[in-house]
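Start at 1 and go down the list; that is how both ligands and their atoms are numbered. Values below: every heavy atom of this structure, side chains too, minus hydrogens, waters and symmetry copies.
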Amino acid sequence: MTQILVTGGTGYIGSHTVVELQNAGYEVVIVDDLSNSNIDVLDNITKITGKKLAFEQFNLADAAKTDEFFSRNKNIAAIIHFAASKAVGESVQIPLHYYRNNLVSLMNLLDCQLKYGVANIVFSSSCTVYGQPDKLPVTESTPRKDAESPYGNTKRVNEDILHDTIHANPQLKGIALRYFNPIGAHPSALIGELPLGVPQNLVPFITQTAAGLRKELSIFGNDYDTVDGSAVRDYINVVDLAKAHVIAIERLLKGKNKAGYEVFNLGTGNGSSVLEIVNAFEKVTGVKLNYIIVPRRAGDIEKIWADTTYANNELGWKAEKGLEETLLSAWNWEKRVRRIQ
Ligand code: WQD
């Protein structure tokens, strides 16, 4: 069986991608430092797929441990690299941690790819590299802008590190996937988004408010130039997103890539405002949400959504799950985690 290394594979998007890789017949080995995820995820992945997986716990910013791992794991055909610190607000507080963890981890991986002959890598990037686009929807050729946070900057710099390393070493092939806003959970409700501490992202904050863990949702600003004044994002179902990673891996393994380094936007092509998300959540769950309007959050952009043409045509991939189904999956996951009937 073809073996895929998934770094950060016990995390939110990583775990959903491991499920889809196993469903597609791949053997998976996960490396994760468990700094922002729970080891129980491994059993839950196996409960979903019925397949075992290999797991090693260490931080990829440790070059010696990363090299030692590759010296023992000689059958890796490709890497999907999720492992990174990812809290926008936290990155402003501790930028050095973000630059060290996110950049050094990728550089250590690339060193090992060159040393041990692992040609293929799919990198978890983000629409945050576009900043506030001048023109919408966003295509892959929309110019990247200075990030609003160190987190966003690490995504942009890592794209450049990947691009330049591949350009200098044509035996390597890589794809950067720029996610828009991943939300929802696996239909089994066995895996999902479980932020440690107070959720930074909208949907986990909504589900924790609905579950009674949070007094109310603060909506950061309703004075934007949008349909209802609240900010607009392109919310994509995490399972749809995971499936795109399997397609990207197969593109590389089968040599279908048209350049050494490729970039794809992964969104739905639809923008939804915060208030529209709140209303859709209330409609599909029947749960009334307490919320207040507060001033804008520093670093937030006003509106962004993807032009999905390139990914649709080139990858043959399209987001399929709708907003209401996705929000319900997030609620079902929250209820299972909090043991709410
Ligand atoms: C969405 C909208 C908030 C919380 C970031 C990163 C991106 C990715 C996802 C990691 C915004 C509003 C939020 C709340 C609110 N990161 N909001 N109240 O900032 O678009 O994207 O997270 O994978 O790379 O940039 O996502 O979910 O934080 O915010 O009103 O309590 O919800 O202002 O308009 P964001 P988000």
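With 3.5 Å as the limit, one finds no donor-acceptor pair spanning the side chains of N102 and N158. There is no side-chain donor-acceptor pair under 3.5 Å between T139 and D307. A side-chain donor from one of Y99 and N153 sits under 3.5 Å from a side-chain acceptor of the other. Donor-acceptor pairing under 3.5 Å is lacking for the side chains of E90 and Y151. Side-chain contact annotation: N201 with Y12, donor-acceptor N/O pair under 3.5 Å absent.
With a 4.0 Å heavy-atom cut-off, ligand 1 is reached by the backbone of N201 and by its side chain too. Counting heavy atoms closer than 4.0 Å to ligand 1, residue Q200 contributes backbone atoms (N, CA, C, O) but none from C-beta onward. In S230, neither the side chain nor the backbone holds a heavy atom less than 4.0 Å from any atom of ligand 1.
Not a single donor-acceptor pair under 3.5 Å links the side chain of T165 to the backbone N or O of L162.
At the shortest separation from atom 7 (C) of ligand 1 among protein heavy atoms lies S126 OG, 3.8 Å. In this structure, atom 1 (C) of ligand 1 lies nearest to the protein heavy atom Y235 OH, 3.5 Å. For atom 20 (O) of ligand 1, the nearest protein heavy atom (residue, atom name, distance) is R233 NE, 2.7 Å. Among all non-hydrogen protein atoms, the one lying nearest atom 28 (O) of ligand 1 is R297 NH2, 2.8 Å. Ranking the protein heavy atoms by distance from atom 26 (O) of ligand 1 puts N181 ND2, 3.1 Å first. Scanning all protein heavy atoms for the shortest distance to atom 16 (N) of ligand 1 gives Y151 OH, 3.5 Å. For atom 6 (C) of ligand 1, the closest non-hydrogen atom of the protein is V88 CG2, 3.6 Å. Here the protein heavy atom with the shortest distance to atom 27 (O) of ligand 1 is L202 N, 2.8 Å.
For residues 259-293, every residue pair satisfying the ring pair (Phe, Tyr, Trp, His ring centres under 6.0 Å) rule, not counting sequence neighbours, is listed here: H163-Y261, F264-Y310, F281-W331. Pairs passing the salt bridge (Lys or Arg N to Asp or Glu O under 4.0 Å) check and including a residue from residues 183-201, sequence neighbours excluded, do not occur.
Distances below 4.0 Å separate heavy atoms of A231 from the following atoms of ligand 1: 34 (O). Atoms of ligand 1 lying under 4.0 Å from at least one heavy atom of L217, given by number and element, are 18 (N), 31 (O). Within ligand 1, counting atoms from 1 as listed, the ones closer than 4.0 Å to a heavy atom of I219 are 30 (O).
With respect to the salt-bridge test (charged N to carboxylate O, under 4.0 angstrom), the residues E159 and K155 do not qualify.
Centroid-to-centroid, the aromatic rings of F82 and H16 stay 6.0 Å apart or farther.
Below 3.5 Å of separation, one finds an N or O of F220 facing an N or O of ligand 1.
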